[in-house]
Amino acid sequence: MEYSIKTGDPSKQRSACLILGVFAKRKLSPLADSVDKVSKGHLQAILKRGDMDGESGQQLMLYDVPGVAAERVMLVGLGKPGELKRKDYAKTLNAVIKGLDAGHATDVLWGLCETEMSDLAGLAEVVRETVMLAEESLYQYTETKKPAKKNPRPLKHLSLLLHDKRHLKVAQKSLAQGEAIAKGMRLTKELGNLPGNICTPSYLADQARKLGRDYTTSLKVQVLEEKQMEKLGMGALLSVSRGSRQPAKLIVMNYQGGKPDAKPVVLVGKGLTFDAGGISIKPGPGMDEMKYDMCGGATVFGTLLACLEMRLPINLIGVVPSSENLPDGDANKPGDVVTSMSGQTIEVLNTDAEGRLILCDALTYSERFNPATVIDIATLTGACIVALGDQASGLMANHQPLADELLKAGSETGDRAWQLPLWEEYQEQLDSNFADMANIGGKGAGTITAACFLSRYTKKFKWAHLDIAGTAWKSGAAKGATGRPVPLLTRFLMGRCGQ
């Protein structure tokens with residue numbers, strides 16, 4: 001869909017539908033009030049009939065409003081002034097956009113962007129959120145499935161209408177940012193939703209190369225093959241791919257948008273394109289969802305794309321270790337000992353705890369970039385879903401200011417994270433009689449001990465870990481990738497650039 005910002009008298013703007021807000025007790029928003037005056041009280045007269053009173057989520061479609069150029073005027077309930085929240089706005093926008101897309105309104109004037117919300121800081125945030133939510137409302141996966149019945153007149157253009165022209169530049173910049181983040185989220189969803197027989201490690205590597213061709217002046221892509229990883233001593237990563245016919249890949253995407261001598265931020269994303277658990281095989285029910293085990297890697301792709309689209313003045317490197325984890329005669333066995341790139345040995349007590357095995361070598365590899373900070377993103381533990389459900393990603397870090405930055409970015413975007421402890425006492429759960437560490441730490445605190453494992457490979461840089469097992473995709477009737485935590489990470493990176 002196309003987006004734009006418009007200013008001026010809303011009654012004179014031609015469109016298929018003009019969206020206006022109504023607060024509780026039939027109080028018109030400033031834009032709606034201006035239209036009501038032009039129409040000589042038509043809106044107020046309609047409201048007095050009792051069809052809506054402005055409660056959040058209510059909708060009322062009007063036709064042929066006197067003095068108004070738009071074909072339709074939709075009144076949307078916003079609830080009590082000052083009490084509208086992001087989640088209510090999202091539900092309202094989703095319902096309105098889907099309804100208009102299914103109808104015959106090909107272009108819409110959205111007059112709700114100047115509405116104050118209790119948990120969105122000002123116009124810039126609302127404009128970004130509006131674009132991102134609109135794109136999310138219209139997203140459909142069609143790569144391996146025919147789309148639903150095609151609408152001959154779908155929604156094609158959304159214009160965000162401003163009452164105050166002084167806000168035009170801010171709104172235009174925020175709109176471009178919203179489009180960039182939405183584009184990144186879409187890529188993350190598409191990669192996540194693809195089946196494992198299509199989205200293999202080689203496919204991910206090809207998508208990285210394609211991204212490099214699309215942004216040839218600003219992105220350099222390198223793909224390390226198994227022989228190169230073997231020379232580097234990546235025994236932990238390569239041990240996971242032994243059970244698969246698909247060769248492992250280490251994908252490195254280098255965006256140099258900042259000063260040449262500025263230290264980069266490195267994002268490391270778990271790219272398990274399918275995880276059957278290996279010899280410690282997973283239960284059959286729900287195993288199809290293990291195609292989503294590469295959503296950490298997909299998040300790196302999406303975040304990089306958003307930054308490329310925004311041309312953020314930052315140096316950013318994406319590292320995606322990619323493999324499959326399948327049972328085979330040469331697969332890891334419980335009790336095997338492997339040697340990581342760092343030289344530390346690992347006793348593999350559970351082959352289904354493979355994500356940390358590929359991440360630890362990727363984290364060690366990240367040292368060569370002399371990073372300002374490293375953030376890894378992974379669908380790492382079912383324990384995180386038990387602890388936090390699907391509302392927040394788990395966050396652990398070895399540097400509290402970095403954790404605070406990420407928590408703030410999550411709060412600002414609604415793509416929230418929750419910090420868990422990384423105390424030294426938890427490290428004891430990884431003790432092994434036969435290696436420097438075990439790859440699991442027992443039943444208790446599984447999310448934390450997984451992060452403790454990774455922390456042993458991050459002592460040379462500031463590091464944070466995002467466990468997105470509960471937030472990367474939805475199950476059930478709404479099954480599909482969510483695009484999280486692309487909003488959190490892009491907001492974090494924008495903050496690093498002073499935006």
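Counting begins at 1 with the first residue of the sequence. These numbers come from the heavy atoms of this one structure, side chains and all, not from hydrogens, waters or symmetry mates.
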In short, ring pair (Phe, Tyr, Trp, His ring centres under 6.0 Å) pairs touching residues 380-420 with sequence neighbours left out are none

- prompt: With the threshold set at 4.0 Å, does a side-chain nitrogen-carboxylate oxygen contact exist between Lys210 and Asp214?
  reply: yes

Contacts of Glu114 meeting side-chain hydrogen bond (donor to acceptor under 3.5 Å, both in side chains) (sequence neighbours excluded), chain-then-number -> none

Sequence neighbours excluded, the answer for side-chain contact (heavy atoms from CB on, under 4.5 Å) partners of Pro421 is Trp423, Tyr426, Ile448

Subject >> Residue pair Thr345 / Phe434, side-chain heavy-atom distance below 4.5 Å >> reply: no

Contacts of Trp473 meeting ring pair (Phe, Tyr, Trp, His ring centres under 6.0 Å) (sequence neighbours excluded), chain-then-number -> Tyr292

By side-chain contact (heavy atoms from CB on, under 4.5 Å), Glu190 pairs with (sequence neighbours left out) Tyr139, Tyr141, Glu143, Arg186

Answer yes or no: is there an ion pair linking Asp88 with Lys85, defined by an N-O contact shorter than 4.0 Å?
no

So the side-chain hydrogen bond (donor to acceptor under 3.5 Å, both in side chains) pairs with at least one residue in residues 481-499 (sequence neighbours excluded) are Gln177-Gln499, Glu405-Arg496, Glu412-Arg491, Asp415-Arg484

So the salt bridge (charged side-chain N to carboxylate O under 4.0 Å, His left out) pairs with at least one residue in residues 250-275 (sequence neighbours excluded) are Lys270-Asp293, Lys270-Glu354, Asp275-Lys282

Self-check item: Side-chain heavy-atom pair Asn315, Tyr255 within 4.5 angstrom cut-off
Solution: no

Residues pairing under ring pair (Phe, Tyr, Trp, His ring centres under 6.0 Å) where one sits in residues 320-376, two or more places apart or in two chains, turn out to be Tyr365-Phe369

So side-chain hydrogen bond (donor to acceptor under 3.5 Å, both in side chains) across residues 440-454, not counting sequence neighbours, yields Thr381-Thr447

Sorted by chain and number, sequence neighbours left out, salt bridge (charged side-chain N to carboxylate O under 4.0 Å, His left out) with Lys462 holds for none

Contacts of Glu225 meeting side-chain contact (heavy atoms from CB on, under 4.5 Å) (sequence neighbours excluded), chain-then-number -> Arg209, Val223, Gln228, Lys249

The side-chain contact (heavy atoms from CB on, under 4.5 Å) partners of Thr92 (sequence neighbours excluded) come to Ser56, Val76, Val96

Q | Glu230 with Lys227: basic N within carboxylate O range, under 4.0 Å | A | no

